[in-house]
Amino acid sequence: MPRRATKQAAASAPAERGADALARYREKRDFAATPEPRGRGAAGRRGAPKKPAPARLRFCVQKHAARRLHYDLRLELDGVLLSWAVTRGPSLVPGEKRLAVHTEDHPLDYLTFEGLIPEGSYGGGAMIVWDEGTWEPEGDPAEGMRRGRLTFRLEGERLAGRWHLVRTGAGKERRASTKENWLLLKSDDEAARAAGDADILAEADTSVRSGRTIEDLKSEGVRRADWDEKQADPKAKPSARTTSSTKAKAARAAKEKPAADPRAALDPATVTGAKRGKLPPFVEPCLATLSEVAPTGEAWLHEIKFDGYRIQARIANGRATLLTRKGLDWTSKFEPLAHALSQIVPGSAVVDGEAVVEDTRGVSDFGALQAALKAGDTGCVVYHAFDLLHLDGVDLTGAPLAERKRLLALLLDDAPAGGAVRLSEHIPGNGEAMKRHACRIGLEGIVSKRADRPYRSGRGEDWRKTKCSARQEFVIAGYVPATNRRKAVGSLVLGVYEGTDLVHVGRVGTGFTEADAKALHDAIEAVHADAPPFAAPLPRAAAAKVRWARPALVAEIELRGWTADGLLRHASYKGLREDKDPREATREAPPADETSAAKKTRARTVAQDPYAGIRLTSPDRVLWEGQGITKQGLADYCAEIADWILPQIANRPLALIRCPAGSQKECFFAKHPWAGLDEAVLTPTIGDDAIVAIRDLRGLMSLVQFGTLEIHPWGSTLDDPERPDRLVFDLDPGEGVGFPEIVDAARTVRERLAADGLESVVKTTGGKGLHVVVPLVPKAGWDEAKAYAAGLAAAMAKDEPARFTDTLAKKARTGRIFVDYLRNGRGATAVAAYSTRARPGAPVATPLAWEELGPEIAPDHYSVTDIPIRLAHLTRDPWAGLDAVKQTLPKAKTSSKAKPRRKPG
DNA sequence: GCAATCG
DNA sequence: CGATTGCAACGCTCG
DNA sequence: CGAGCG
């Protein structure tokens with residue numbers, strides 16, 4: 001990667017706006033992202049201090065009063081307060097939030113960084129990867145922002161070392177408190193200065209990176225306008241700054257002040273492209289054009305694509321009106337939002353954004369939004385504002401996007417913490433990288449926008465959307481009644497417009513809850529028609545049993561692509577779109593992206609009806625009510641991920657959890673063959689027991705047909721059932737143990753295994769814990785394997801009894817993690833990677849790369865709905881090479897610290 | 001989901 | 001003839 | 001010693 005441009009200082013003029021500022025921002029970001037070899041930083045090139053001196057750096061993050069997601073960070077370097085702002089950006093790393101520097105103006109001009117804030121922050125946790133580094137949280141996650149250890153590397157040895165991020169004050173009442181301080185404290189290492197030492201500024205008063213001094217920066221005008229107020233912080237250490245304080249104040253009074261105040265900043269003369277104008281009744285929204293590949297380059301910025309309703313908020317004299325894409329007034333449907341907006345915007349404005357409901361992962365959920373709308377309970381609706389078209393008598397549609405967003409950010413500064421109105425953050429630069437990350441963690445996609453362009457109504461090339469999965473609107477042309485219920489749909493018949501012709505594209509039979517199925521039934525019956533609405537006649541099979549409808553309803557459908565004859569592949573219903581015109585439902589291109597790992601997932605194009613030779617009975621039975629996943633939907637899932645799950649389960653004895661009536665009805669364990677099994681299901685005998693095994697998709701489909709919701713293989717294969725080729729350590733949180741501790745535990749297990757020369761991989765279980773899996777060459781028998789596992793668990797419990805226990809006694813487990821080794825006995829099983837779970841939410845046990853394992857990936861993070869999308873965007877299999885690992889259990893001793901406390905097998 | 005068994 | 005009922009198993013703890 | 005629990 002090329003080094004950043006060298007003209008950074010020259011580019012720091014205060015009047016800088018729009019694309020220039022963005023470019024500079026990008027430059028900094030790229031610096032932060034550049035894995036630079038140590039020791040040759042810019043400090044050297046820019047003229048670092050003659051005597052590199054150790055720094056005493058204090059880092060204080062102070063929440064602005066009543067602000068959410070917007071902090072001022074203060075960096076106190078040897079008594080000089082430095083200040084810059086960050087806001088929370090989109091999640092790019094699974095389960096984590098990215099912090100991106102938001103304000104460029106700070107004296108240490110290179111201080112761009114990326115930070116990681118675990119879910120829920122703020123308040124949640126923190127935080128920073130600087131150049132490169134790690135954040136290890138400590139203590140009780142329930143405290144919200146946590147203590148932890150932050151390790152990172154900075155260019156410039158003055159800043160190197162070990163750091164602690166500590167929250168002070170506020171406590172649990174942080175929500176109510178406007179004072180919340182964070183201190184980033186450097187350890188007392190060899191670089192630290194003693195209390196009596198001379199002020200470091202006497203020795204070195206320059207930026208370690210640029211070599212510039214505060215005075216330099218002041219004269220260049222790069223200091224923040226609100227500098228001096230910041231310094232009023234009583235915690236700030238008075239020092240060299242006092243001398244420059246008055247001068248700075250005077251300088252600020254001139255022109256820097258407006259930058260901090262949106263209204264003052266709004267002088268149309270200072271905002272490119274802005275002009276005076278009346279508050280318009282409605283601005284035709286700008287629509288993004290679907291793009292297969294996300295654009296990349298400094299001209300673009302990228303936002304998360306939200307899954308909700310596009311809403312234009314028109315605030316006139318403090319009263320908000322909420323308008324849909326077509327200008328319909330939905331204020332009454334989103335009353336709480338309107339109220340919240342009225343609170344935040346005192347004057348007049350037109351804000352563009354998306355109303356969504358977030359699921360527990362912070363991912364927007366269209367279905368949940370619809371449910372909320374229907375129930376009339378829109379209190380949980382969040383408005384992500386992403387554009388500002390008008391503000392207090394100034395028409396901003398002519399201003400560049402970067403400028404509009406800057407003003408929007410200022411406008412929303414006062415949005416209350418945890419409030420319903422949030423700024424949609426953006427990341428500039430590499431859209432594809434952002435998209436891939438977004439897709440891996442279950443987001444819908446990204447929207448890329450030209451930062452330098454004005455707001456143009458209608459669909460244009462300045463805004464582009466790139467989706468993780470093909471997802472679009474279709475016209476509902478009819479339905480097939482449910483086979484097992486009355487007055488409910490079993491599947492929908494869909495069409496798209498090609499010109500004025502409605503064209504048949506097939507059916508969708510999953511994704512609607514039982515409630516949806518009933519509501520759809522009623523809605524479609526209300527527009528019933530006697531004949532198909534399609535322009536061309538249909539094949540007889542496609543028309544069988546269908547109740548037709550006028551082309552009045554629009555459904556949002558997710559699909560995995562199209563078959564050769566133009567029909568939907570693996571379609572899933574997402575909701576009715578009342579805000580969309582049926583005429584707009586045209587065929588969109590599927591996402592082109594297919595990474596090498598994704599090829600496994602591709603094109604299991606299986607004929608709709610007998611699926612891999614298996615006939616599904618009651619395909620419209622809803623197996624997971626919350627997600628509306630039907631038996632057909634489960635079959636689709638299995639077909640799609642077959643190449644991923646089959647290596648985990650094929651040719652192994654299986655235990656199955658079957659729930660023929662659905663995940664929340666009666667389930668039972670099945671281990672022995674039963675009547676009706678397809679011939680693709682093997683029923684060999686091990687010992688005296690007949691067992692079940694499969695070896696291909698057809699076998700898997702047969703299991704689906706019998707209501708198999710979970711698949712638990714042995715840790716050995718049919719070839720050699722008595723000698724395990726997998727060990728599994730199940731890390732089970734006791735009462736009151738949070739997931740971050742489980743993550744640490746998994747890493748501990750990994751380390752202990754590594755100490756014995758064993759490689760391991762990790763997966764979520766879809767439940768509360770994690771599994772650490774050890775591949776083995778089948779050699780040792782079950783007794784030995786179990787003894788080894790027991791030994792490792794016992795060693796962990798012995799060495800760190802506060803963290804671990806190896807007894808499954810409930811009492812011993814509160815506050816600890818049960819290291820369950822019992823899955824390593826003969827006949828014992830553990831849930832397979834990629835198996836669904838018979839639990840609410842349709843979670844899936846998901847293999848992760850060790851690097852992906854962060855404290856904020858919930859163990860039930862991934863579900864049937866998003867696993868196919870995740871897999872399609874992986875660049876490599878997280879468990880790649882598992883079978884290539886050739887390793888055996890060490891002889892008769894367990895991990896290094898362990899006292900051998902076990903009877904030999 | 002299916003079949004054996006119960007009432 | 002419709003309704004009801006299994007459909008694993010093993011070590012370990014707790015009552 | 002049997003029921004309960006993963």
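Chain letters run A, B, ... following the sequence lines, proteins first and then strands; every chain starts at 1.
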Should the heavy atoms of other residues, nucleotides or ligands under 6.0 Å from CZ of A/Arg485 be counted, would the total exceed 12?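 Count over threshold, so yes.
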
Gap in Å between the two [atom1] atoms, one belonging to [N] and one to [M], rounded:
N: C/dA8; M: B/dA4; atom1: P; value: 15 Å
N: C/dT4; M: D/dG6; atom1: P; value: 29 Å
N: C/dA9; M: B/dC2; atom1: C1'; value: 23 Å

Starting the side chain at C-beta, find the nucleotide from [options] nearest to [X].
X: A/Lys671; options: B/dA3, C/dA8, B/dG1; answer: C/dA8
X: A/Asp732; options: B/dG1, D/dG6, C/dC12; answer: D/dG6
X: A/Gln705; options: C/dC12, B/dG1, C/dA8; answer: B/dG1
X: A/Thr617; options: B/dC2, D/dG6, B/dG1; answer: B/dG1

Close side-chain approach of A/Arg560 and A/Ile869, heavy atoms under 4.5 Å: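 Heavy-atom side-chain distance check passes, below 4.5 Å.
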
Answer yes or no for this row: A/Phe669 ring on C/dA8 base, centroids under 5.5 Å, planes under 30°.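 A stacking contact exists, since A/Phe669 sits close and nearly parallel to the base ring of C/dA8.
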
Taking [atom1] from [X] and [atom2] from [N], how many angstroms apart are they, rounded to a whole number?
X: A/Trp714; N: C/dC10; atom1: CH2; atom2: P; value: 10 Å
X: A/Leu654; N: C/dC7; atom1: CG; atom2: C1'; value: 16 Å
X: A/Arg823; N: C/dC12; atom1: CZ; atom2: C1'; value: 15 Å
X: A/Ile686; N: C/dA8; atom1: CD1; atom2: C1'; value: 15 Å
X: A/Trp782; N: C/dC10; atom1: CH2; atom2: P; value: 14 Å
X: A/Arg615; N: B/dG1; atom1: CZ; atom2: P; value: 10 Å
X: A/Arg826; N: C/dG11; atom1: CZ; atom2: P; value: 12 Å
X: A/Arg658; N: B/dA3; atom1: CZ; atom2: C1'; value: 11 Å

Quick one: do A/Lys779 and A/Glu784 make a salt bridge, cutoff under 4.0 Å?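 Not counted as a salt bridge, because no side-chain N and carboxylate O are separated by less than 4.0 Å.
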
Under 4.0 angstrom, heavy atoms only, what part of the nucleic acid is [X] near: base, sugar-phosphate, or nothing?
X: A/Phe706; result: sugar-phosphate
X: A/Lys631; result: sugar-phosphate
X: A/Ala675; result: sugar-phosphate

So, is [X] near the phosphate of [N], with a side-chain N or O under 4.0 Å from OP1 or OP2?
X: A/Lys786; N: C/dG11; answer: no
X: A/Arg621; N: B/dG1; answer: yes
X: A/His672; N: C/dA9; answer: yes
X: A/Thr807; N: C/dT13; answer: no

Measure up the A/His712 and A/Phe669 rings against each other and bin them: parallel (under 30°), tilted (30 to 60°), perpendicular (over 60°).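 Tilted, since the angle between the ring planes falls between 30° and 60°.
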
Short question: side chain of A/Ser663, backbone of A/Leu623 - any donor-acceptor pair under 3.5 Å?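 Side chain of A/Ser663 to backbone of A/Leu623: a pair is present.
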
Can a side-chain donor-acceptor contact be found between A/Asp516 and A/Thr513 if the only test is distance below 3.5 angstrom?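 On atom types as modelled, these side chains qualify, holding a pair under 3.5 Å.
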
